[in-house]
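First listed ligand is number 1; within each ligand, the first listed atom is number 1. Start at 1 with the first residue, then count along the sequence.
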Amino acid sequence: MSLHSYAFLEKDFVKFEDAKISVMTHAFLYGTAVFEGIRAYWNSEEQELNLLQAKPHLERLLRSAKILRMEPYYSLDEMLDLVIELMKKNKPQTDAYIRPSWFKSALRIGPSLVCKGKEDEKDDSFVITSLDLGNYLDVSKGLRVQVSSWRRVSDNALPPRAKINGSYVNTALAKANSTLAGYDDSIFLTEEGYVSEGSAMNLFLVKGGKLVTSLGSDNILEGITRAFIIKLAQEELGLETEFRQINRSELYTVEEAFFAGTGAQIAPIGSIDDYSIADEKAGPITLKLQDLHKSVCLGKNQKYQDQIIKIKY
Ligand SMILES: Cc1ncc(COP(=O)(O)O)c(C=O)c1O
């Protein structure tokens, strides 16, 4: 992991080492920030960076900010321009990961999202950081995955529909357990016991030749990659996706399973709780979707050029 030289903080581009905030910042004290992870793929032949699905990420960032009662002072288009500008300054020559975030920046004790009587106090700030990033999960093998004993945070407690920094403690607990137990990652169930999603990515199953994925109401983050995989499966492979509640025991007998997310990309699952899936390799449908997705990320798929913004520097 290599951090880029410049960041954007509040209203300025700054050297990364100068992008500092106080230890009394509300977001640090209470996890009151929202963020996005956007990937950019380096096409070495064309010497250009392909920014993947940046607009839907920034739209979700604004929706997350709304849930935390924030008042963003940049529009979608302004944020997009700042992301592009930051990449032009950092000039990565390899795949990159970009993290824009709105955070509660007031220096104050007390977790409330609103500060009555102090409307003039600056409360929300914007930051973008970026780094070089290859694969977050090994996408070349069938991952060993366990069902976590931690349950997914629920909409009435800490809405998973919003990408809220504080809720990533839920991810961290599950991820730590799977690492300590020797697994590559984990799958969350909801409090009701239905399958939700991976620790920080959505889950797809292949069952009866169809894709199956959890409902938005089963406490998933409604992923941008998830939506795109559903589209690719339909348009390119003629595969339907079934959205429904999934029981835990179904996981053990599916034909194929894979994770989908910006960080995770398309990551095949080879076993769940030590039940072998697809001979512990990437199954044929997973492989086709992985190839299609990769071709889009690298800007090599003419049909889906609208998914990327090409940046030259
Ligand atoms: C909890 C969680 N679920 C799912 C996803 C996948 O979402 P996306 O495809 O929009 O990156 C992520 C990653 O951002 C995540 O953190």
Is the Y168-F35 ring centre distance short of 6.0 angstrom?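 When the ring centroids of Y168 and F35 are compared, they turn out to be within the sub-6.0 Å range.
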
Between ligand 1 and the protein, find all N/O pairs closer than 3.5 Å and give the distance for each.
unit_1	atom_1	unit_2	atom_2	d
ligand 1	3 (N)	E197	OE1	2.6
ligand 1	9 (O)	I224	N	3.3
ligand 1	9 (O)	T225	N	2.9
ligand 1	9 (O)	T225	OG1	2.6
ligand 1	10 (O)	R60	NH1	2.9
ligand 1	10 (O)	R60	NH2	2.9
ligand 1	10 (O)	I224	N	2.8
ligand 1	11 (O)	T262	N	3.0
ligand 1	11 (O)	T262	OG1	2.5
ligand 1	14 (O)	K163	NZ	2.7
ligand 1	16 (O)	K163	NZ	3.1
ligand 1	16 (O)	Y168	OH	2.4

With side chains defined as the heavy atoms from C-beta onward, is the minimum distance between N177 and S149 less than 4.5 Å?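 A side-chain contact under 4.5 Å exists here.
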
Taking the side chain as C-beta and beyond, is there a heavy-atom pair between I285 and E255 under 4.5 Å?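 With C-beta onward as the side chain, the pair stays apart.
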
Check salt bridge (charged side-chain N to carboxylate O under 4.0 Å, His left out) between D155 and all other residues, then give those that pass, not counting sequence neighbours.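 Partners of D155 by the salt bridge (charged side-chain N to carboxylate O under 4.0 Å, His left out) criterion, ordered by chain and then number, come out as R161.
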
Smallest separation among heavy atoms of L221 and A162, with atom names: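 Closest pair (atom of L221, atom of A162, distance): CD1-C, 4.2 Å.
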
For the residue pair A260 and I229, what are the closest heavy atoms and their distance?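 That closest heavy-atom pairing would be CB-CG1, 4.4 Å.
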
